[in-house]
Amino acid sequence: MAVPSEARGAGGGKGLARPARGGSPPTQIRVRMAPSPTGFVHLGSARTALFDYLFARRQAGVFVLRVEDTDEARNQPHFETAIYEGLHWLGLRWEEGPDVGGAYGPYRQSERMDLYREAAASLLKAGAAYRCYCTKEELDAEREAARAAGRPYKYSRRCLTNPPVGRDQFTVRFQVPAGEVRWDDLVRGEVVFDLDTIGDFIVMRADATPLYNFSVAVDDARMEISHVFRGEEHISNTPAQLLILEALGHPRPTYAHLPVIVGQDRQKLSKRKHPETRLALYQELGYLPEAMVNYLALLGWNAGTEQEIFTLAELEEVFDIARVQRSSAMFDWQKLDWLNGHYIRQLSAEELAARLAPFLPELQPDVVRRAVPALQERLRRLADARELLEYLWTDPAAPDLEVADRDKVRAALAGLDGVAWEPEPIQAALDALREREGWSRNALFKPVRRAVTGRDISPPIHDTLALLPREEAFRRLSRVL
RNA sequence: GGCCCGGUCGUCUAGUGGACCAGGACGCCGGCCUUUCAAGCCGGAGAUCACGGGUUCGAAUCCCGUCCGGGCUACCA
């Protein structure tokens, strides 16, 4: 049961700098982000990294990046770069990590095997863990039997009380004591687990490699991590890690379990089911890192004011982990789009042109630059520019116009003759024409727009015309007659 | 099933016993502006605060129960 008022009340602001356990002297704030290199950055990981970064900044602490590659084939070395790229794209930096070094290295779990083996040996020596000779098959059978009997599964402790003889393959199993374990979570308040519901868990595999909960606990301790921010799905891993820390005689970090980000189906974002899980997708679609940072911060956190627009620098000033939400947050494309449009409009013309360039490989940089004024307030995503400017590199089919509309186009052609090919002169010429003829803007511009772009929607007609080479514009106007 | 965590407009949220017949933002609807689309401005609809009991002069806020949702449940991370 959570005790929000106590646990959270004291937590706001500087109070967090206090060590988790009384007695020890104030230590440096050290937070860590511990992704496993799976080839992509999960949106939830990105948000966790953001919160880590902001917290470290706010507390003058250190942000550590630790790569959890203690796994099977799933982790490939070159996947590491995806993590760096994704996080750098967001504008995040870390003080320690595999790529930048640091005093607590190495920062890849695969390079820390000796540490885990050493820790496992000391657990064994202290009697906090024991060797388990059970085979995978025997364990599966135990589990299956429990399931069939409708009982929750817990390891039988056969190897603690009556180990089989004559076997040499063993895992190291942690002996869970009786009682309960509790901690004050920075976002959920006090969380309590009855240890009776937790079976003895394996800490080292038969091949002497560590399991997740073990390597995490050992690393958090050895790296002197003061605060652990992670997804809510790790709540149930926390008791095991706390137990290991205690058995090893290490102080425990302070934990904050962030609410899960869910998709439209209310389920946790997963790569299989939700394309929006992949951080790189946003870069590909033309979302600005400024917008992503802002949106991610708002997913599960708020400043307690009515401000919703925040730059990274502003967030560094106001972020407070105690104001993180407890309930899960649903990902919402529309709000992201709104924020992205806001940041796009915020950019200088040159900056927008530079960011747009990669999305418009068909166009010369100069054309992109000239297109910016017409695009800026119309884009939700940078990639949207493609649809708006497509007429520049494709040749739209000539539309079938009514007689009256053809007359308008014919008149436009004549009115544009000899006019300097810039937006303003074009606009002036067209306006002079329609005033002379008594036509509404719509009456004249619509057929012209269709003749030139093949569509009914475009930026203002003078911009649309001016972006096209004069001869090409005339050709498209002439051919509908 | 077991353990754990949640539940305020469609969505993100404000709210920690009275200023809340619940505020903001996105989206939606309408209007203005207007050269179509946007952008901008103005206005509107939208929440029996999951439900039921308490406690209290007074509850979205405290307590109990119920329901619903989610997470975890590996010699994965």
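Chain letters run A, B, ... following the sequence lines, proteins first and then strands; every chain starts at 1.
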Between [M] and [N] - [atom1] atom distance, rounded Å:
{"N": "B:rU73", "M": "B:rA77", "atom1": "P", "result": "12 Å"}
{"N": "B:rG69", "M": "B:rG46", "atom1": "C1'", "result": "23 Å"}
{"N": "B:rU61", "M": "B:rG27", "atom1": "C1'", "result": "28 Å"}
{"N": "B:rA14", "M": "B:rC51", "atom1": "C1'", "result": "24 Å"}
{"N": "B:rG70", "M": "B:rU11", "atom1": "P", "result": "14 Å"}
{"N": "B:rC12", "M": "B:rG31", "atom1": "C1'", "result": "27 Å"}
{"N": "B:rC75", "M": "B:rG6", "atom1": "C1'", "result": "32 Å"}
{"N": "B:rU48", "M": "B:rG52", "atom1": "P", "result": "12 Å"}

As a test of reading the structure: which of [options] is closest to the side chain of [X], going by heavy atoms?
{"X": "A:Leu211", "options": "B:rC26, B:rC5, B:rA77", "value": "B:rA77"}
{"X": "A:Lys335", "options": "B:rG24, B:rG6, B:rU35", "value": "B:rG24"}
{"X": "A:Glu377", "options": "B:rG27, B:rA38, B:rC5", "value": "B:rA38"}
{"X": "A:Thr171", "options": "B:rC75, B:rC26, B:rC72", "value": "B:rC75"}
{"X": "A:Glu233", "options": "B:rC72, B:rC26, B:rU35", "value": "B:rC72"}
{"X": "A:Met330", "options": "B:rU11, B:rC4, B:rG70", "value": "B:rU11"}
{"X": "A:Arg143", "options": "B:rC72, B:rC75, B:rG40", "value": "B:rC75"}
{"X": "A:Gln325", "options": "B:rA77, B:rU13, B:rC4", "value": "B:rU13"}
{"X": "A:Gln267", "options": "B:rA39, B:rU35, B:rG71", "value": "B:rG71"}
{"X": "A:Ala206", "options": "B:rG71, B:rC75, B:rU35", "value": "B:rC75"}

Touch check for [X], heavy atoms < 4.0 angstrom, all strands: base, sugar-phosphate only, or nothing?
{"X": "A:Asn237", "answer": "base"}
{"X": "A:Arg449", "answer": "base"}
{"X": "A:Gly231", "answer": "nothing"}
{"X": "A:Cys132", "answer": "nothing"}
{"X": "A:Ser327", "answer": "sugar-phosphate"}

It should be established whether [X] places a side-chain nitrogen or oxygen under 4.0 Å from OP1 or OP2 of nucleotide [N].
{"X": "A:Arg345", "N": "B:rG40", "value": "yes"}
{"X": "A:Arg205", "N": "B:rA77", "value": "yes"}
{"X": "A:Gln264", "N": "B:rG10", "value": "no"}
{"X": "A:Asn302", "N": "B:rA14", "value": "yes"}

To the nearest angstrom, how far is [X] atom [atom1] from [N] atom [atom2]?
{"X": "A:Ile202", "N": "B:rU73", "atom1": "CD1", "atom2": "P", "result": "14 Å"}
{"X": "A:Asn442", "N": "B:rC37", "atom1": "CG", "atom2": "C1'", "result": "11 Å"}
{"X": "A:His462", "N": "B:rU36", "atom1": "NE2", "atom2": "C1'", "result": "12 Å"}
{"X": "A:Lys446", "N": "B:rC37", "atom1": "NZ", "atom2": "P", "result": "10 Å"}
{"X": "A:Arg434", "N": "B:rU34", "atom1": "CZ", "atom2": "P", "result": "12 Å"}
{"X": "A:Tyr212", "N": "B:rA77", "atom1": "OH", "atom2": "P", "result": "9 Å"}
{"X": "A:Leu139", "N": "B:rU73", "atom1": "CG", "atom2": "P", "result": "16 Å"}
{"X": "A:Gln334", "N": "B:rC28", "atom1": "CD", "atom2": "C1'", "result": "9 Å"}

Ion pair present between [X] and [Y], side-chain N to carboxylate O less than 4.0 angstrom?
{"X": "A:Lys408", "Y": "A:Glu402", "answer": "no"}
{"X": "A:Arg278", "Y": "A:Glu276", "answer": "no"}
{"X": "A:Arg66", "Y": "A:Asp219", "answer": "yes"}
{"X": "A:Arg32", "Y": "A:Asp52", "answer": "no"}

Taking the nucleotide of RNA chain B with the nearest heavy atom to each, does A:His234 or A:Phe445 sit closer to the 5' end? A:Phe445

State the pairing partner of [N]; accept Watson-Crick or G-U wobble contacts with both distances under 3.5 Å, and report none otherwise.
{"N": "B:rG18", "answer": "B:rC57"}
{"N": "B:rU36", "answer": "none"}
{"N": "B:rC72", "answer": "B:rG2"}
{"N": "B:rA50", "answer": "B:rU66"}
{"N": "B:rC26", "answer": "B:rG10"}

Taking atom types as they are modelled, is there a donor-acceptor pair under 3.5 Å from the base of B:rC37 to the side chain of A:Arg378? yes

In terms of the angle between their ring planes, are A:His342 and A:Trp338 parallel, tilted or perpendicular, with boundaries placed at 30° and 60°? tilted

To the nearest 0.5 Å, what is the distance between OH (A:Tyr130) and CD (A:Gln175)? 6.5 Å

A:Arg167 and A:Glu138: CA distance, side-chain angles, deciding distance, salt bridge (Lys or Arg N to Asp or Glu O under 4.0 Å) verdict: CA-CA 14 Å; A:Arg167 297 186 184 180; A:Glu138 288 169 337; 2.8 Å; yes

Tell me every residue that passes ring-ring contact (aromatic ring centres under 6.0 Å, His included) with A:Tyr295, counting only those two or more places apart in sequence or in another chain. A:Phe331

Under 3.5 Å side-chain donor-acceptor pair for A:Arg455 and A:Thr464: no

